[in-house]
There are 2 protein chains.
Amino acid sequence: MRLVVARCQVDYAGRLTAHLPMATRVLMIKADGSVLVHSDGGSYKPLNWMSPPCTVREGQSDDGRVEWTVTAKAAKGQTPDTLRILIDEMFHDSSHNLGIDPGLQKDGVEKHLQELLAEHPATLAAGLTLVRREFPTAIGPVDLMCRDGAGLSVAVEIKRRGEIDGVEQLTRYLDLLNRDPLLTGKGAVRGIFAAQEIKPQARVLAEDRGITCAVVDYDALRGLDNVEDRLF
Amino acid sequence: MRLVVARCQVDYAGRLTAHLPMATRVLMIKADGSVLVHSDGGSYKPLNWMSPPCTVREGQSDDGRVEWTVTAKAAKGQTPDTLRILIDEMFHDSSHNLGIDPGLQKDGVEKHLQELLAEHPATLAAGLTLVRREFPTAIGPVDLMCRDGAGLSVAVEIKRRGEIDGVEQLTRYLDLLNRDPLLTGKGAVRGIFAAQEIKPQARVLAEDRGITCAVVDYDALRGLDNVEDRLF
DNA sequence: GTGTAAATTTCGAGT
DNA sequence: ACTCGAAGTTTACAC
């Protein structure tokens, strides 16, 4: 890992064309040759970058300034990517041996929400019981397949944030499931769209299609499950 | 901008819970208090981070090691975010004044593709002429509304990469447009799904719905338009 | 490897 | 301020 602070100008050409005027920035060159150009603001996204695999070549511009050329192998059907960094003045330059990182351990994403709802399906609708998780269909697995008190099949799609594409996804599943006589024996398969937060447009579309929306309280579910000991 | 190289352990709690075991990493602390934890690989995304606005407080752990606590104000309906960085050994520490960045200038995204196709609709289908760009509907604007040689209305959806959700979007527009007698006077509104690249599944879904797929050659369109002088 | 869905997405435009 | 759609998205996972 090499860290450089320099006044530089950056030009990118590849999937698009982009230009950064001369200014002072941080350049991070990772062991795999990837390069990140950061300013003193914004979020974690660099102003410009080059993803691995790529190679950095140090050269000189016409007027004798240092110029880095970072090139990546062209993906099929794409223009080859090039990042050109022209360095006007270097204020800092240091290299560090970091070693391999053990990596991130995560908890709390959709998968976990699915586990919790699989254990407590009745929080979605009274009388709901689980048939199986990841119920397979020809176009992909349904998050939860349940049965309600009347014996009707209920397909549940779970999202952290409920947006329009999640409703589309559930609609595709319902179209398919309702062609299966084994499931529709006692009546049409119902849909429940469950999310921690449901966007207004998604709600409108869901209700227009007869899909029930359920806003899920993640913390309350966690409480039901007493999973505090899973935390670090 | 402060750059630190240190052996550290990182714990995040907020929208999810995440943990990074003790290892050597680069810590970037930006002027707005945001923090990035980078390893010597991966893409531009940090292993862990805290987005602005947030504040860093330097303290000590129980055993006397340096500990940074980064806190962000809780977003509505969310758990407050906290990033705890326990520093075992610091190998590098430097601060730099970068100033404000003039920012990135871009070219070549979907908007530009839409401009080019608006100028040359006939490249999508022979005889096609533009009615208007961003044609408004109740559920959002159609990228291009055109008319074909026979006087039929044609709705065009433009994507850089054509995936299944783009076809869904166009389908929703067509459903709606086909209820408007002003548009369907001479026959049903047709759909064209235009993209630089169309995924096989998206193509199948589109054709199943009677939507025409058009693969767009961006460079060729650019050539028609003679826009080389727009480049840097 | 290809394809699909999620992300602590981030970013920008429009209302 | 909020909402929606795009991103040089990146990342993880299933087939």
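Below, read A as the first sequence line, B as the second, and so on, with proteins coming before strands; counting in each chain starts at 1. A quick note: this is a predicted structure, and the numbers were derived from the prediction, not measured.
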Exercise. Starting at CD of B:Glu163 and ending at C1' of C:dA5, how long is that distance when rounded to a whole Å?
Worked result: 10 Å
For this session: If a pair satisfies salt bridge (charged side-chain N to carboxylate O under 4.0 Å, His left out) and one of its residues is in residues 202-217 of chain B, list it, with sequence neighbours excluded.
Result: B:Glu168-B:Arg209, B:Arg203-B:Glu207
Problem set entry | Among C:dG3, C:dA6, D:dC4, the one nearest B:Pro200 by side-chain distance | C:dG3
Problem set entry | B:Arg7: partners by salt bridge (charged side-chain N to carboxylate O under 4.0 Å, His left out), with sequence neighbours left out | B:Asp88, B:Glu89
Exercise. If each of B:Ser43 and B:Leu104 is mapped to the nucleotide of DNA chain D with the nearest heavy atom, which maps nearer the 5' terminus, i.e. the 5' end?
Worked result: B:Leu104
Seminar exercise, completed: In whole angstroms, the gap separating P of C:dG12 from NZ of B:Lys106 amounts to 7 Å
Exercise. In chain order, what residues pass the side-chain contact (heavy atoms from CB on, under 4.5 Å) check against B:Ala118, with sequence neighbours excluded?
Worked result: B:Leu130, B:Arg133, B:Leu144
Exercise. Hey, does A:Pro141 reach any base, or is it just sugar-phosphate, or nothing, if we go heavy atoms under 4.0 Å?
Worked result: nothing
Exercise. Which whole-number value in Å describes the distance from B:Lys159 NZ to D:dA7 P?
Worked result: 8 Å
Exercise. Starting at CZ of B:Arg15 and ending at P of C:dA6, how long is that distance when rounded to a whole Å?
Worked result: 18 Å
Exercise. Roughly how far, to the nearest 0.5 Å, is the OG1 atom of A:Thr171 from the CZ atom of A:Phe193?
Worked result: 9.0 Å
Exercise. If you look at every strand shown and take non-hydrogen atoms under 4.0 Å, does A:Tyr12 touch a base, only sugar-phosphate, or nothing?
Worked result: base
Seminar exercise, completed: note: A:Leu47, atom CG; C:dT10, atom P; distance rounded to Å ~ 16 Å
Exercise. Between B:Lys199 and C:dT2, does any side-chain N or O lie under 4.0 Å from OP1 or OP2?
Worked result: no
Exercise. Between B:Asp143 and B:Lys45, which has a closest nucleotide on DNA chain D that is more 5'?
Worked result: B:Asp143
Exercise. Can you find a side chain N or O atom of A:Gln201 that sits less than 4.0 Å from OP1 or OP2 on D:dC4?
Worked result: yes
Seminar exercise, completed: When rounded to whole Å, the CZ to C1' distance for the pair B:Arg133 and C:dA13 reads 14 Å
Seminar exercise, completed: From the candidates D:dA6, C:dA5, C:dT10, the one with an atom nearest any side-chain atom of B:Ile164 is C:dA5
Exercise. To the nearest angstrom, how far is A:Ile158 atom CD1 from C:dA6 atom C1'?
Worked result: 14 Å
Exercise. Between residues 49-57 of chain B and DNA chain C, which residues have a heavy-atom gap below 4.0 Å?
Worked result: B:Trp49, B:Ser51
For this session: Examine C:dG3: is either OP1 or OP2 under 4.0 Å from a nitrogen or oxygen in the side chain of B:Arg203? Give yes or no.
Result: no
For this session: Quickly work out the A:Leu113 CG to C:dA7 P distance and round it to whole Å.
Result: 10 Å
For this session: Kindly state each residue pair satisfying salt bridge (charged side-chain N to carboxylate O under 4.0 Å, His left out) with at least one member in residues 27-42 of chain B, sequence neighbours excluded.
Result: none
For this session: Using ring pair (Phe, Tyr, Trp, His ring centres under 6.0 Å) as the criterion, list what pairs up with A:Trp49, not counting sequence neighbours.
Result: B:Tyr44
Exercise. Under 3.5 Å, is there a donor-acceptor pair between the A:Gln169 and A:Lys159 side chains?
Worked result: yes
